S.K.: 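Dropping the structure in here first, questions after.
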Protein chains: 2
Amino acid sequence: MRDKTPIWKAIANALRDDLVQGRYVQGDKIPTEASLADRFGVNRHTVRHALSHLIEEGLLRSRRGSGVFVTAQPTEYPIGTRVRFHENLLAAGRIPDKKVLSVEVRQPSEGEKAALKGTERVCAYHGLSRADGQPIALFESVFPLDRLPGLDLAFQEVSSVTEALKRVGVTDFTRASTHLTAIMATATHALHLHISEGSPVLRTTNLNVDPEGTPIEYGRTYFASERVTLTV
Amino acid sequence: MRDKTPIWKAIANALRDDLVQGRYVQGDKIPTEASLADRFGVNRHTVRHALSHLIEEGLLRSRRGSGVFVTAQPTEYPIGTRVRFHENLLAAGRIPDKKVLSVEVRQPSEGEKAALKGTERVCAYHGLSRADGQPIALFESVFPLDRLPGLDLAFQEVSSVTEALKRVGVTDFTRASTHLTAIMATATHALHLHISEGSPVLRTTNLNVDPEGTPIEYGRTYFASERVTLTV
DNA sequence: GGTAATTTGTCCGTATGTATT
DNA sequence: CAATACATACGGACAAATTAC
């Protein structure tokens, strides 16, 4: 069971956990690069590599001569290569909530099959994301069941995508692409998002891949644009 | 006239120019890190720093053991911290075109004043962006004239924002923030973008800052969402 | 106000690992 | 198997900005 994850990535994850769990809050100055290097027993450059990724993700911000600080914008929803719904909203100071609408196993559509690079059965996961009880986004994700056997069962126990994937052996994944466009709300959108039919909705289409680049999730999310501002 | 831009940044700019000008096209393998380091007369890590930024921007992609390759998605419009309208569309294989609707000097609104961190006069620049003659986006940018004297005159000679800014001493700038939301098209949007009133429009609000972090442009862009897909 | 200490930013050099060719 | 090429990690040095005294 050799550890294949790079040291810098492990450090980035550890620090991200600290942020998510509120050990540092917005505006806080995190320890200096030197002291972090000391704490983790690595070179300062390795810490810098980790920090630069967290800065990329918008979680931190550095000021030369001063230090590295926590940046968390309220009610904003950051999009990046590494997106975790739960963590983003926590960072925004809101209480996240997810309602599972349905989990089903079915054949993929043509588009889904193409996006996932071929699979005969997919696990389709529909749900509603809320912040402080207010509906924010409607999402539907499909996962290639051929490559992720048992995922449908995992969803019966946990509602977190990250957690369910972990149970079938996917410990890490990144967003390969995100597409954005605006559409008019259908009746379904209107119903769940509590908006009126025809009002604008932000649709994001995204493909998540594992570290080897194999597609593991093809998802579409519909944001109630009157309640959300996406931050790039 | 000392050069304050870091070497890695200069290298990144040089390579980006190569990409924009088609010296390397999609799928091409760019020279190895070692040979680039040799060509620019720097250490390999300095080249890596530059490459990592271009990879962040989505222009390049690296494959261990193989090389670094050009990735350019057609007809997609990438959003990032460094966005240049002209270059993006060129990279997408389309012919960009810009129509200036108006350039005027006026007092800033409250919101504009706040975004630009205070200024008594702004240069407002309205225009229409087209690709292959088709209207893509309507934009309006305001610049703090107090900090950028002569910018209004520069716009009478060149239509490129980057070029006009260069003439008043701003040689580099980055996108500090981008906000995204969807709205319904007004009559003005419908007129210029050739869409029907009420159809969804993607609105991006962005703030550009110079290397010192001083706001130099506050802009809003309205994309005809039926013709554009934004890529994050 | 000025100087020294602190802290991040840049750049170089070296070594080794890992995937591809 | 060997050579090539990117990935990771270490180390040192100095610059630039901020902070502390």
Side-chain angles (χ1 to χ4, degrees), chain A residues 1-15 24 27-56 58-71 81-82 172 174 209-214, chain B residues 1-15 24 27-56 58-71 81-82 172 174 209-214:
Chain A
M1 223 209 248
R2 62 182 171 284
D3 191 7
K4 293 209 294 183
T5 60
I7 298 175
W8 68 262
K9 214 167 197 172
I11 292 175
N13 288 335
L15 290 175
Y24 305 113
D28 276 8
K29 181 178 181 295
I30 69 169
T32 65
E33 294 175 350
S35 71
L36 285 174
D38 194 52
R39 182 208 292 181
F40 290 108
V42 299
N43 189 273
R44 183 184 148 222
H45 292 303
T46 307
V47 170
R48 279 181 64 75
H49 197 158
L51 290 178
S52 76
H53 266 249
L54 296 175
I55 289 169
E56 242 351 289
L59 298 174
L60 299 176
R61 184 180 154 221
S62 67
R63 283 185 236 179
R64 172 188 284 193
S66 181
V68 180
F69 301 84
V70 179
T71 69
T81 56
R82 186 169 297 271
D172 191 30
T174 47
V209 298
D210 67 12
E212 284 79 45
T214 314
Chain B
M1 221 209 250
R2 60 184 171 285
D3 191 8
K4 292 208 297 180
T5 61
I7 297 176
W8 67 262
K9 216 167 196 174
I11 292 175
N13 288 335
L15 291 175
Y24 306 113
D28 276 7
K29 179 180 184 298
I30 69 171
T32 65
E33 294 176 347
S35 71
L36 285 173
D38 195 51
R39 183 208 291 180
F40 289 107
V42 298
N43 189 273
R44 186 182 142 229
H45 289 305
T46 307
V47 170
R48 277 181 66 74
H49 197 157
L51 291 179
S52 77
H53 266 248
L54 296 175
I55 289 169
E56 255 331 303
L59 297 174
L60 298 176
R61 184 179 155 222
S62 67
R63 282 185 238 188
R64 174 187 298 205
S66 180
V68 179
F69 301 83
V70 178
T71 67
T81 55
R82 186 170 297 269
D172 190 31
T174 47
V209 298
D210 67 13
E212 284 78 44
T214 315

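Just so we're clear, the structure is a prediction, and the values are computed from it rather than from any experiment.
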S.K.: Without decimals, in angstroms, what is the distance between K9(A) NZ and dA7(D) C1'?
M.R.: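 Rounded to whole Å, this separation is 11 Å.
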S.K.: Identify the heavy atoms of F69(A) and G27(A) that sit nearest to each other, and give their distance.
M.R.: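 Reported closest heavy-atom pair: CD2-O, 3.7 Å.
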S.K.: Within the 4.5 Å heavy-atom criterion, are T5(A) and N13(A) side-chain neighbours or not?
M.R.: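 Side-chain contact under 4.5 Å: no.
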S.K.: How long is the straight-line distance from CG of L15(B) back to OH of Y24(B), given to the nearest 0.5 Å?
M.R.: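 Here the interatomic distance stands at 7.0 Å.
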S.K.: Quickly work out the R64(A) CZ to dA17(D) P distance and round it to whole Å.
M.R.: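 For the pair R64(A) CZ and dA17(D) P, the rounded distance is 5 Å.
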S.K.: Whole-Å distance between dA13(D) C1' and E33(A) CD?
M.R.: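 To the nearest whole Å, that distance equals 15 Å.
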S.K.: Going by heavy atoms closer than 4.0 Å, what residues in residues 36-48 of chain B are next to DNA chain D?
M.R.: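 Within residues 36-48 of chain B, the residues near DNA chain D are R44(B), H45(B), R48(B).
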S.K.: Ignoring hydrogens, what is the shortest heavy-atom contact between A50(A) and I11(A)? Give both atom names and the distance.
M.R.: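 Scanning both residues completely, I find the closest heavy atoms to be CB-CG2, 3.8 Å.
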S.K.: Can you confirm whether I55(B) sits close enough to S62(B) that some side-chain heavy atom of one is under 4.5 Å from a side-chain heavy atom of the other?
M.R.: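 Answer yes - side chains close enough.
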S.K.: Could you say whether I30(B) or G65(A) is positioned toward the 5' end of DNA chain D, judged by the nucleotide with the nearest heavy atom to each?
M.R.: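 The residue closer to the strand's 5' end, by nearest nucleotide, is I30(B).
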S.K.: Quick check, are the ring centers of H49(B) and H45(B) under 6.0 angstrom apart?
M.R.: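 Here the rings of H45(B) and H49(B) have centres that are no less than 6.0 Å from each other.
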S.K.: Is there a side-chain contact between L36(B) and I30(B) (heavy atoms, below 4.5 Å)?
M.R.: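 Counting from C-beta outward, L36(B) and I30(B) do come under 4.5 Å.
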S.K.: From CH2 of W8(A) over to P of dA7(D), roughly how many Å is that when rounded to an integer?
M.R.: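 Going from W8(A) (CH2) to dA7(D) (P), I get 11 Å.
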S.K.: In a check of salt bridge (Lys or Arg N to Asp or Glu O under 4.0 Å) between E33(A) and each of R48(A), R39(A), R64(A), which one passes?
M.R.: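 When salt bridge (Lys or Arg N to Asp or Glu O under 4.0 Å) is applied between E33(A) and each of R48(A), R39(A), R64(A), only R48(A) qualifies.
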S.K.: Write down the distance between NE2 (H53(A)) and P (dA9(D)), rounded to a whole number of angstrom.
M.R.: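 The distance from NE2 of H53(A) to P of dA9(D) comes to 11 Å, rounded to the nearest Å.
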S.K.: Measure from NZ on K29(A) to P on dA17(D) and round the result to the nearest Å.
M.R.: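 My rounded result for the distance is 18 Å.
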S.K.: First contact, last contact: which nucleotides of DNA chain C are these for chain A, 5' to 3', heavy-atom distance under 4.0 Å?
M.R.: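 Range of nucleotides touched by chain A: dT7(C) to dC11(C).
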S.K.: Rounded to the Å, how far apart are L51(B) CG and dA5(D) P?
M.R.: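 Whole-Å distance recorded here is 14 Å.
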S.K.: Measure the spacing between CG of L51(A) and OG1 of T46(A) and express it to the nearest 0.5 Å.
M.R.: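 That separation rounds to 11.0 Å.
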